[in-house]
Amino acid sequence: MSTQPPFQSPVGTHDVYGPEAALWEGLIAHFAQAAYRYGFSMVHTPIFEDVGVFNRGIGEHSDVAKKEMYVFEDRGGRVYALRPEGTASIVRAFVEHQPTTPFKAWYVTPAFRYERPQAGRYRQHHQVGVEVLGTDDPAVDVEVISLAWRFYQSLGLTNIRLLINSMGHDACRSVFVGALRDVLSEHKDSLCEEHQKTFSDNPLRVLDCKKDACIAVTDAGPTLPDFLCDDCRGHFAKVTSGLESIGIAYTLTPRLVRGFDYYTRTTFEFVADALGSAQNAIGGGGRYDKLAEQLGGAPTSGIGFGSGIERLLLARRAEGVDAPLINRVPDIFVVDTTGDDVATPLVDHLRSAGYATLRAFDGRSMKSQMKVADRSGARVALLIGPQEQAAGEITLRDLRSGDFEQAQRRVASNDIVAALQELLGK
RNA sequence: GUGGGUGUAGCUCAGCUGGUUAGAGCGCCAGGUUGUGGUCCUGGAGGCCGCGGGUUCGAAACCCGUCACUCACCCCA
């Protein structure tokens with residue numbers, strides 16, 4: 001760009017077009033297919049909500065709520081926030097409408113977080129995800145995790161690890177948090193600079209800290225699994241054995257607490273080692289058995305996960321997977337040099353017959369139109385010039401035939417669909 | 001929020017320690033004796049060198065500011 005245009009996409013946002021957009025389309029189609037197989041229905045909720053929906057859900061002490069939310073006031077004085085993640089809105093909708101359970105929703109949505117962009121991290125990124133409300137059966141945990149896992153497989157990803165942990169429910173977790181807080185308080189001066197100030201607000205965050213100082217303290221401190229009550233321990237055991245029964249490998253990760261406060265019991269994260277960087281988490285989720293209550297509903301168990309579209313595609317690239325995710329190659333390209341625009345009714349007819357059909361515009365030369373036809377990737381070209389027009393015929397040329405000279409023949413206009421069916425097999 | 005790097009045609013980039021009509025490859029358009037694509041050849045369009053100011057006889061090149069992009073820290077998708 002020699003000079004910056006007057007308007008550019010906002011900092012940390014991107015336009016998606018061209019081949020990249022085809023990957024998005026394919027990725028979403030694969031996710032929709034997986035969701036369908038598991039019995040999920042698509043749900044649409046607003047991309048902005050009362051700021052309380054997110055504050056109560058993800059926790060006021062989380063980084064996201066503290067400094068990353070896009071909060072704004074509308075003309076009526078209501079305070080809203082652009083959604084920073086997908087779960088809270090779905091649960092709010094569930095509480096509001098009280099649908100029959102289990103409520104199984106899948107979605108694709110932008111998510112907004114105000115932070116400095118870098119590789120794999122944007123102010124607007126996009127997620128696909130699912131949520132299940134109304135049951136705490138560990139078999140559902142297994143289903144949600146396996147849906148993610150099979151989805152990643154369908155994208156061609158192979159170098160993915162599943163990290164999993166249980167954070168327990170209210171009672172056993174609070175005992176753990178208390179024990180953790182005691183230890184942190186005791187070794188307060190050994191913590192990293194930031195957590196010396198904040199450890200008391202949310203001790204669990206310290207488990208996530210990557211500073212050696214904090215790691216040294218928490219390594220010697222209590223670990224979550226030791227504090228699980230019998231119920232939570234049993235629940236988690238069923239989740240892991242369920243995963244084993246369907247051949248999904250996992251890594252027990254006692255430190256895994258994730259960024260949102262609403263998680264209870266099962267939490268998990270998928271990392272793509274090919275990404276190598278700090279931004280190697282391609283998806284994550286967990287159970288949130290208290291969230292519906294926190295948003296004003298009846299106590300209702302829930303679990304879900306979200307996965308970042310941009311990062312999934314980065315991971316695919318990093319693994320060297322370059323197969324297209326969806327076929328968007330046209331069947332037919334119509335070349336019309338009659339000057340009478342016979343192409344318009346012809347392409348309409350072909351499209352109605354079910355063929356993906358392109359054409360050229362602006363009355364360009366045959367050579368020029370053939371170039372465009374070739375680049376479009378179309379399987380066949382239909383040529384109509386004055387000769388064909390006069391004879392009531394169409395020249396059908398197989399653009400993907402190895403033999404340049406023998407690849408074409410004349411067909412009566414009325415027989416064109418039959419000829420195409422024979423050649424294309426559809 | 002903090003720090004580093006970069007900003008020259010649609011894309012990827014050259015432009016030596018400042019010297020005066022700014023280049024290449026790819027892409028795009030048009031031709032190669034007039035109805036045809038992949039290769040090849042020829043020609044063409046397209047850049048106030050991110051923006052503003054300064055130093056200088058002279059700046060795309062040096063200095064300052066500003067905007068943007070990018071990478072890293074924090075944290076996450």
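Residue numbers start from 1 in every chain, and the chains themselves are labelled A, B, ... in the order their sequence lines are given, proteins ahead of strands.
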Rounded to whole Å, please give me the gap between [atom1] in [X] and [atom2] in [N].
X	N	atom1	atom2	answer
A/Met366	B/U36	CE	C1'	6 Å
A/Arg397	B/G38	CZ	P	11 Å
A/Arg400	B/G38	CZ	P	11 Å
A/Phe151	B/A77	CZ	P	15 Å
A/Arg123	B/A68	CZ	C1'	13 Å

Checking all strands, does [X] fall into the base, sugar-phosphate, or nothing category for heavy-atom contacts under 4.0 angstrom?
X	answer
A/Gln124	nothing
A/Gln408	base
A/Phe260	sugar-phosphate
A/Leu383	base

Completion exercise
Its contact letters, B for base, S for sugar-phosphate only and - for none at protein heavy atoms under 4.0 Å, make nucleotides 28-33 of chain B read SSS-B-
Now, which nucleotide makes the Watson-Crick or G-U wobble pair with [N], with each of the two distances under 3.5 Å?
N	result
B/A72	B/U2
B/G44	B/C28
B/U39	none
B/U66	B/G50
B/C13	B/G23

Between the protein and nucleotides 69-72 of chain B, list every N/O to N/O distance that falls short of 3.5 Å.
| residue | atom | partner | partner atom | Å |
| --- | --- | --- | --- | --- |
| B/C71 | OP2 | A/Ala119 | N | 3.1 |
| B/A72 | OP2 | A/Gln118 | OE1 | 3.1 |
| B/A72 | OP2 | A/Ala119 | N | 3.4 |

Exercise for the section: State whether the distance check finds a donor on one side and an acceptor on the other, under 3.5 Å, for side chain A/Gln369 versus base B/U36. Expected result: no
Practice task
Using the ring pair (Phe, Tyr, Trp, His ring centres under 6.0 Å) rule, collect all pairs that involve residues 141-163 of chain A, keeping only residues at least two apart or in two chains.
Solution key: A/Phe31-A/Phe151, A/Tyr152-A/Phe270
Handout entry: Short side-chain N/O contact from A/Arg258 to OP1 or OP2 of B/A77, under 4.0 Å
Key = yes
Practice task
State whether A/Asp398 and A/Arg379 are salt-bridged, where the test is any N-O pair (Lys NZ or Arg NE/NH1/NH2 against Asp/Glu carboxylate O) under 4.0 Å.
Solution key: yes
Exercise for the section: Kindly determine whether A/Tyr80 and A/Phe48 satisfy ring pair (Phe, Tyr, Trp, His ring centres under 6.0 Å), including the steps that lead there. Expected result: CA-CA 6 Å; A/Tyr80 290 123; A/Phe48 61 96; 5.1 Å; yes
